[in-house]
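This one's a predicted model, so the numbers in the text were calculated from it and none came from an experiment. We count ligands from 1, going down the list as the structure has it; atoms in each ligand are counted the same way. Note that the numbering runs from 1 along the sequence shown for the chain.
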Amino acid sequence: MSGSRATRIDLSVVAPAYNERDNLAPLVEEVRAVLDGTCLDYEVLFVDDGSTDGSDRVLRDLRAADPRVRVVTLARKAGQSAAMDAGFRRARGDVIVTLDADLQNDPADIPRLLAALGGWDAVVGVRVHRRDTLVRRASSRVANYVRNRISDETIVDTGCSLKAYRRAALTSIALYDGMHRFLPTLLRMEGFRVCEVPVGHRPRRHGRSKYGIGNRLVPSFLDLLAVRWMKRRKLRYEVKDDS
Ligand code: UDP
Ligand code: MG
């Protein structure tokens with residue numbers, strides 16, 4: 001792994017980005033505005049998931065202007081889970097905050113997430129006023145309900161990318177494609193403690209959503225069945241004697 005991993009810092013803000021060119025500079029600006037007022041030693045780690053819209057040039061400039069900006073570039077588009085995994089493995093922060101690179105999550109919520117982390121291993125945002133279309137809000141509500149019913153879970157809004165984790169918890173679980181939606185459940189399965197806090201949400205100003213009913217509904221339902229299977233088939237045993 002890269003030598004820079006040796007240096008531990010307080011916080012890594014990890015943002016997967018696929019074709020988010022016009023959102024990247026404002027995001028860095030907003031994160032700086034929020035975190036420069038704290039005494040936290042932080043980095044903003046973008047994972048470019050094979051963007052084709054010139055994001056690479058913007059990211060190069062951002063990194064050149066501020067050493068706290070780091071860029072991991074995937075050789076080709078590998079999906080949001082893969083991009084997040086690449087970020088988690090390279091993050092130097094003891095705490096990792098994830099958010100979307102599209103400015104829909106508000107960096108102003110980060111201090112509240114960190115404060116809530118206290119005795120927990122992860123804090124999951126709940127978007128109280130979703131700023132998406134009615135179809136999206138409705139399908140997300142149904143998806144969360146079905147997800148919780150089928151996987152015997154209670155997470156209100158697992159689709160919210162704004163989350164804070166202790167890095168040690170995150171790096172102890174294996175991710176599979178699509179599993180970024182089930183991180184709270186995967187963590188709980190390993191005995192980690194997860195809580196939820198309300199966060200804001202904003203409309204997308206630039207670029208387009210990478211998901212629609214077509215590429216989210218069926219894959220995420222199949223992933224849900226896999227998570228249910230994993231949860232049911234998790235090894236549970238107690239050693240009585242080991243002489
Ligand atoms: N993303 C990515 N690879 C993908 C799909 C999405 O890196 O294959 C990123 C995307 O650029 C954004 C975040 O993941 O930063 C969430 O995607 P999006 O905003 O399109 O999802 P939505 O908010 O519409 O559910
Ligand atoms: Mg979005």
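Within the 4.0 Å heavy-atom cutoff, Lys77 counts among the residues contacting ligand 1.
An angle of 90° is found at the Mg ion (ligand 2) between Asp102 atom OD2 and Gln104 atom OE1, rounded to 10°.
Ranking protein heavy atoms by distance to atom 18 (P) of ligand 1, first place goes to Arg204 NH2, 3.7 Å. Nearest protein heavy-atom contact of atom 9 (C) of ligand 1 is Pro16 O, 3.6 Å. Nearest protein heavy-atom neighbour of atom 4 (C) of ligand 1: Asp49 OD2, 3.5 Å. Counting protein heavy atoms only, atom 10 (C) of ligand 1 is closest to Glu20 OE2, 3.3 Å. Protein heavy atom closest to atom 20 (O) of ligand 1, with residue, atom name and distance, is Lys210 N, 2.6 Å. Atom 13 (C) of ligand 1 has as its closest protein heavy atom Asp100 OD1, 3.3 Å. Looking only at protein heavy atoms, the nearest one to atom 23 (O) of ligand 1 is Gln104 OE1, 3.4 Å. For atom 17 (O) of ligand 1, the closest heavy atom belonging to the protein is Tyr211 CE1, 3.8 Å.
Looking only at atom types and distance, the side chain of Thr154 has a donor-acceptor partner in the side chain of Arg188 under 3.5 Å away.
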Handout entry: From CA spacing to verdict: salt bridge (charged side-chain N to carboxylate O under 4.0 Å, His left out), Asp106, Arg202
Key = CA-CA 7 Å; Asp106 189 346; Arg202 306 182 295 191; 3.7 Å; yes
Exercise for the section: Walk me through it: do Thr158 and Lys163 pass the test side-chain contact (heavy atoms from CB on, under 4.5 Å)? Expected result: CA-CA 9 Å; Thr158 185; Lys163 299 182 171 91; 4.3 Å; yes
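Atom numbering of ligand 1 starts at 1 in the shown order; those under 4.0 Å from a heavy atom of Arg136 are 22 (P), 24 (O), 25 (O). Atoms of ligand 1 found under 4.0 Å from any heavy atom of Arg216 (numbered from 1 in listed order, with element): 25 (O). In summary, the atoms of ligand 1 found under 4.0 Å from a heavy atom of Ala101, numbered by their order in the structure, are 15 (O). Atoms of ligand 1 lying under 4.0 Å from any heavy atom of Gly79, numbered from 1 in the order shown and given with element: 3 (N), 8 (O).
Closest of all the heavy-atom pairs between Arg127 and His201 is CD-CD2, 3.3 Å. Scanning both residues, Arg181 and Ser220, for their nearest heavy atoms gives NH1-CB, 3.8 Å. For Cys195 against Ala116, the heavy-atom pair with the smallest separation is SG-O, 4.2 Å. Closest non-hydrogen pair, Glu30 versus Pro107, comes out as OE1-CD, 3.1 Å.
Using a 4.0 Å cut-off between heavy atoms, Ala17 contacts ligand 1 through its backbone alone, with no side-chain atom that close.
Test Asp41, Asp36, Asp10 against Arg68 for salt bridge (charged side-chain N to carboxylate O under 4.0 Å, His left out) and you get one pass: Asp36.
Of the charged side-chain nitrogens involved, at least one lies within less than 4.0 Å of a carboxylate oxygen, so that Lys234 and Glu190 count as a salt-bridged pair.
You'll find the side chain of Asp132 stays beyond 4.5 Å of the side chain of Pro203, heavy atoms only.
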